[in-house]
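Working notes, structure below.
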Amino acid sequence: MTDALALKPASRSEGAKASSSTLADPRRASRLVLAVFLGPGLLIYAGLTAYPAVRTIYDSFFHIEGLEATFVGLANYAELMGDETFWVAVRNTFIWSFVAPFLDVATGLLLALALYAGVPFARFLRVAWFTPVLLSYVVVAILWMWIYNYDWGVLNALLRAVGLESLASSWLGNPKLALASLIVTHAWKWAGFNMVVCLAAIHSLPREVLEASELDNCGWGAKLRYVIIPMLRPTLLSLYILAFIGKMKIFDLVWIMTQGGPLWATETVSTYVYKRAFNWNTFDLGYPSAIATVWFLVVCASVLILNRVLGSKERLEY
């Protein structure tokens with residue numbers, strides 16, 4: 001009897017542990033618990049993301065004027081193939097998406113290396129370089145419109161002050177310079193984010209490898225080329241893909257600074273969709289829905305291709 005009584009508290013405690021482990025393990029949670037926790041998030045996702053995406057694809061097969069919708073099949077997609085403005089927007093967006101991320105990631109890496117090397121005023125520079133990330137696109141766009149102003153902008157004023165007045169230009173009014181000017185502005189805004197990620201990745205590198213390269217009298221250039229960058233390759237590729245996705249749907253900065261001008265030199269697919277949906281007098285939401293659908297497929301395919309081409313087959317462990 002005493003042995004049996006002694007075992008009862010132990011069995012109760014084991015049962016309590018089993019029940020607590022069951023509650024702590026999400027794989028053993030009941031359907032009611034899962035519905036309570038996942039339901040609100042799934043409803044918001046379905047209402048604000050999934051349904052608009054599906055509805056956009058559905059509307060692309062119609063000619064929509066107000067509340068009247070006429071089924072046109074693939075007519076919108078056929079018209080899209082011959083739309084010269086659309087192809088100009090595609091070209092500009094691809095230039096921005098494939099070229100600009102190199103500038104973003106390279107700038108962030110250089111800033112991170114400067115902080116890692118211990119430049120003077122490193123604490124102040126860390127805050128100063130990251131501050132643009134916290135600014136909205138509206139503030140950044142207005143600030144750089146002042147900088148690019150032909151008459152009293154800071155950039156042209158500096159060029160005139162050092163005797164390079166011939167290089168002073170209307171940076172946002174020249175079709176040959178407008179897209180590059182926007183790319184520089186966008187890189188300035190996001191350089192701090194790439195800097196923080198690269199700096200964290202550098203600090204996570206194994207000290208043994210870096211110290212071994214220093215013992216071998218490896219200079220900064222060789223250490224950067226043969227040691228740091230190869231070990232940071234997964235991080236740099238992730239940053240490149242993130243920047244690529246963000247630039248494929250760029251809208252805010254372009255719309256505030258140039259609205260796609262001059263002469264469609266900075267027109268992107270997002271700004272063109274907005275113009276065809278709300279600024280033109282066609283009153284047809286079916287055609288911009290077709291543009292958005294095509295571009296959605298292009299972005300998905302491009303990300304898959306980049307992951308396949310740039311993805312590392314060898315996994316670094318450290």
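- Other residues, nucleotides and ligands place more than 12 heavy atoms under 6.0 Å from the CZ atom of F86.
- Residues P52 and G47 share a closest heavy-atom pair of CD-O, 3.5 Å.
- Between L253 and L182, the closest heavy-atom pair is CD2-O, 3.9 Å.
- Atom CG of residue N194 and atom CG of residue L239 lie 5.0 Å apart, to the nearest 0.5 angstrom.
- For the atom pair CD1 of I95 and OG1 of T268, the computed distance is 12.5 Å after rounding to the nearest 0.5 Å.
- Checked by atom type and distance alone, the side chain of N307 pairs as donor or acceptor with a backbone atom of V303 at under 3.5 Å.
- Considering every non-hydrogen atom in both A243 and P101, the closest pair reads CB-CB, 3.8 Å.
- In this structure, R233 is not positioned above the aromatic face of Y240 in the sense of NZ or CZ being under 6.0 Å from the six-membered ring centre and within 45° of the axis.
- Under a hydrophobic clustering in which Ile, Leu, Val, Met, Phe, Trp and Tyr are joined whenever their side-chain heavy atoms come within less than 4.5 Å, directly or via other members, V294 and V88 fall into different clusters.
- Between A201 and T235, the closest heavy-atom pair is CB-OG1, 3.8 Å.
- A distance of 6.0 Å separates CZ in F61 from CG in L74, rounded to the nearest 0.5 Å.
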(request) Start with the C-alpha gap between V90 and V298, add the side-chain angles, then the distance that decides, and say whether side-chain contact (heavy atoms from CB on, under 4.5 Å) holds. (result) CA-CA 10 Å; V90 170; V298 169; over 6 Å; no

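- Considering only heavy atoms from C-beta on, W295 stays 4.5 Å or farther from K249 through its side chain.
- For V119 against A114, the heavy-atom pair with the smallest separation is CG1-O, 3.1 Å.
- There is no path of hydrophobic side-chain contacts, each under 4.5 Å, that joins Y150 to L167.
- Put simply, CG on D284 and CG on D59 are 10.0 Å apart, with the number rounded to the nearest 0.5 Å.
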(request) Test side-chain contact (heavy atoms from CB on, under 4.5 Å) on Y137 and H186 and set out the steps. (result) CA-CA 9 Å; Y137 274 114; H186 199 272; 3.1 Å; yes

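- Note: the hydrophobic cluster containing W87 also contains V269 (ILVMFWY, side chain heavy atoms under 4.5 Å, direct or indirect links).
- If you check the side chains of S60 and Y77, you find a donor sitting under 3.5 Å from an acceptor.
- N92 and W264 share no side-chain donor-acceptor pair at under 3.5 Å.
- Contact check for L115 versus I202: no side-chain heavy atoms found under the 4.5 Å cut-off.
- Below 30°, between 30° and 60°, or above 60°: for W255 and F251 the angle between ring planes is below 30°, a parallel geometry.
- Proximity of a side-chain donor or acceptor of N156 to a complementary backbone N or O of D151 within less than 3.5 Å is not detected.
- Heavy atoms from other residues, nucleotides or ligands lying under 6.0 Å from CZ of R160 number more than 12.
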(request) Could you walk me through whether F98 and K247 pass side-chain contact (heavy atoms from CB on, under 4.5 Å), step by step? (result) CA-CA 9 Å; F98 282 100; K247 289 170 175 54; over 6 Å; no

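- The pair D252-K189 fails the salt-bridge criterion, with no side-chain N (NZ, NE, NH1 or NH2) lying under 4.0 Å from an Asp/Glu carboxylate O.
- Follow the hydrophobic side-chain contacts under 4.5 Å out from L135 and you reach F193 in the same cluster.
- With values rounded to the nearest 0.5 angstrom, I241 atom CD1 is found 11.5 Å from S302 atom OG.
- Between Y116 and H203, the ring planes are perpendicular. Angles over 60° get that label, and only those under 30° would be called parallel.
- I245 is connected to I305 through a chain of hydrophobic side-chain contacts under 4.5 Å among Ile, Leu, Val, Met, Phe, Trp and Tyr, so both are in one cluster.
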(request) Could you check I183 against L103 for side-chain contact (heavy atoms from CB on, under 4.5 Å), going step by step and ending with a plain yes or no? (result) CA-CA 9 Å; I183 290 175; L103 179 62; 4.2 Å; yes

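- Counting only distance, with no hydrogens or angles, the side chain of T93 and the backbone of A89 share a donor-acceptor pair below 3.5 Å.
- Other residues, nucleotides and ligands contribute more than 12 heavy atoms inside 6.0 Å of the NZ atom of K275.
- A ring pair (Phe, Tyr, Trp, His ring centres under 6.0 Å) with W188 holds for exactly one of W144, F130, W129; it is W144.
- Taken from CG in L236 to CD1 in I228, the straight-line distance is 11.0 Å, to the nearest 0.5 Å.
- Around the CZ atom of F94, the shell of radius 6.0 Å holds more than 12 heavy atoms that belong to other residues, nucleotides or ligands.
- Partner of W171 under the side chain to side chain contact (heavy atoms under 4.5 Å, CB included) criterion, out of V184, N149, T185, L177: L177 alone.
- The two residues Y287 and D83 make their nearest non-hydrogen contact at OH-OD2, 2.6 Å.
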